[in-house]
Trainee: 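Below you'll find the structure I mean.
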Amino acid sequence: MTERGIAVVGGGISGLATALAILDADTETRTETRTETRTTVTVYEADPRVGGRIEATPFAGLPHVDAGADAFLARVPEAVALATRVGLGDQLVSPEPVGAAVWHDGLHPIPDGLLLGLPGRLRPMATTGLLSWKGKLRAAVEPLLPRTPVDHDSIGELVRARFGDEVHDRLVDALVGSIYAADTDRFSLAEVPQLAALADDNRSLLLAARRQRRQAGTATAAASPVFAAPRDGIASLVGAVASAVTDAGGDIRSGAPVVGLEAADGGWRVATTPDGRPERHDAVVLAAPAGASARVLADTAPPAAELLSTAETADVVMVTLHVPADEWPERLRGLSGYLVPKPDQRLVKAASFGSQKWAHWRPPAGGELLRVSLGRDGMPVLHLSDDEVVEAVLTDLHQHLGVAFSPIEVRITRWPAAFAQYRPHHARWVDAVERALPGGVFVTGAGYRGIGIPACVRDAQRTAARASGLVHDLAN
């Protein structure tokens, strides 16, 4: 049997999903066509473990508490389908039906009727204490304004023009900025499809958001909740996908940093150490962060490497706290956490009340579990020592919640370059990168066509199909 090889550089969810999609497609093709050509896949991961920025460790007496993402969007199919493919479909759980808040001189429930922070109903906006009367009046005139051009491709510029600064700063930037660790004034509108569709197809965003929420409410009244995660944490999804890759014949090599590529015999030699023996593959998928991929391509494809090196990211520090039960105020029951608008931020941008959000995160010895996020685009945090991080978290929590916590246990997780920042007209940069790549080399991951696990899985499967198609053509 003839073998064709594909190398996948990066063992995060994007790389593992790419590998599994290639192997599944190969099995299906060989079954249907009885071809004598087999596609092999080798995943190279620099770290000792796979998973990238998805990780869980024991905490507060629980066997696994996520230190990165703790859920994925369930109302798009890709992540749920992947979990089902690897045997976790019946283990998916959803957050508890509790509300969330925004902190601005106190906690305010997030108003009803929002679509990624955009108002879709006037009454909740009129009654919220989150906005001043001036801000409410400015938002209320939005349906009367003429259409706003969107050629600037900036979320912030659009929302400020339609609703004013308060809605932008205290709602849209607080929600979208928290999701992407972003400054929405400098983030591409086109890369947040829900917002982009409203702006492209409608004059009034408020009226369009109201229509869309009504339609979604009717269509999903009996549907599953918005978010989901395996009961054993998002990290268990990574482990299950990795196991599925190896079960399908893939080779996963952790602790194997790729340091360069070299064209060879119509394919590519992949070098994992400066003086190691390169291995030949017919195609290469770079599923590492853009900066790491730039270093891999520095000698082979300088134009692509130069473009990749311009990718911007935001660093994040995640602090997990186990606080005593007698310190937790009763008034915070029924909340999943809160967001802090950028103008109000000192260092903490969001806090999740993990044991109120997830039923299986309740510490066996009692108390409450919090996850506090620091860092975003324009707010560096990695220079802070552990002591400085803890002090900043406890100070901000005291200011926000009025409680001086004395945590039983603390876990600090640092995520350098955790979030890709999609600048306005990001799609042009992605197109330029792909044009600059040499034949047989592909890129995928959160830096390109969508942030979040479902988007990464979707692009991984798209990239896998392209790489598999190339290898199939070579075999024929």
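Not measured: the values here are computed from a predicted model.
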Trainee: According to the salt bridge (Lys or Arg N to Asp or Glu O under 4.0 Å) rule, which pairs have a member within residues 8-19, sequence neighbours left out?
Mentor: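 Qualifying pairs, neighbours excluded: none.
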Trainee: Taking only Lys NZ, Arg NE, NH1 and NH2, and the carboxylate oxygens of Asp or Glu, determine whether K349 and D173 approach each other closer than 4.0 Å.
Mentor: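 Judged by the 4.0 Å cut-off on N to carboxylate O distance, K349 and D173 do not form a salt bridge.
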Trainee: Report yes if the side chains of W358 and V65 come closer than 4.5 Å at any heavy-atom pair, otherwise no.
Mentor: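 No. Closest side-chain heavy atoms not under 4.5 Å.
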Trainee: With side chains defined as the heavy atoms from C-beta onward, is the minimum distance between L374 and D396 less than 4.5 Å?
Mentor: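 Of all side-chain heavy-atom pairs linking D396 with L374, none is under 4.5 Å.
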Trainee: Roughly how far, to the nearest 0.5 Å, is the NZ atom of K342 from the CG atom of D183?
Mentor: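 With rounding to 0.5 Å, CG (D183) is 3.0 Å from NZ (K342).
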Trainee: Is any NZ, NE, NH1 or NH2 atom of the basic residue among R423 and D153 found under 4.0 Å from an Asp or Glu carboxylate oxygen of the other?
Mentor: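 Result for this pair is no, no salt bridge flagged.
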Trainee: For the residue pair R376 / Q345, report whether a side-chain donor-acceptor contact shorter than 3.5 Å exists.
Mentor: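 Looking only at side-chain atoms, R376 and Q345 do form a donor-acceptor pair, the distance falling under 3.5 Å.
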Trainee: Is it possible for you to check whether R466 lies under 6.0 Å from the centre of the six-membered ring of F442, through NZ or CZ, and within 45° of that ring's axis?
Mentor: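 Geometry flag: not set, cation outside 6.0 Å or 45°.
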Trainee: Any side-chain heavy-atom pair from Y44 and V270 closer than 4.5 angstrom?
Mentor: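 Yes - at least one pair of side-chain heavy atoms lies under 4.5 Å apart.
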Trainee: Are F227 and L73 side-chain neighbours, meaning at least one heavy-atom pair lies under 4.5 Å?
Mentor: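 Contact flag for F227/L73 side chains = yes.
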Trainee: When you look at CD of E388, are more than 12 heavy atoms from neighbouring residues, nucleotides or ligands closer to it than 6.0 Å?
Mentor: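 Check passes, neighbour count above 12.
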Trainee: Which residue pairs pass the salt bridge (Lys or Arg N to Asp or Glu O under 4.0 Å) test with at least one member in residues 283-306, sequence neighbours excluded?
Mentor: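 Listed once each, the pairs would be none.
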Trainee: Could you tell me if H360 and R231 have a donor-acceptor pair between their side chains, going purely by distance under 3.5 Å?
Mentor: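 There is no such pair between these side chains.
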Trainee: With sequence neighbours excluded, tell me which residues meet ring-ring contact (aromatic ring centres under 6.0 Å, His included) with H104.
Mentor: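 Per chain and number, H104 pairs via ring-ring contact (aromatic ring centres under 6.0 Å, His included) with no residue.
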Trainee: Nearest 0.5 angstrom please: T42 OG1 to E279 CD, how far?
Mentor: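 Interatomic distance, T42 OG1 to E279 CD, rounded to 0.5 Å: 6.5 Å.
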Trainee: State, without any angle test, whether W429 and T310 hold a side-chain donor-acceptor pair at a distance under 3.5 Å.
Mentor: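 Yes, a side-chain donor-acceptor pair sits under 3.5 Å.
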Trainee: So how far is it from Q461 CD to S14 OG, rounded to the nearest 0.5 Å?
Mentor: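 Output value for this atom pair is 10.5 Å.
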Trainee: Tell me, yes or no, whether the heavy-atom count around R428 atom CZ, taken from other residues, nucleotides or ligands under 6.0 Å, exceeds 12.
Mentor: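 For R428, atom CZ is not crowded (no more than 12 foreign heavy atoms under 6.0 Å).
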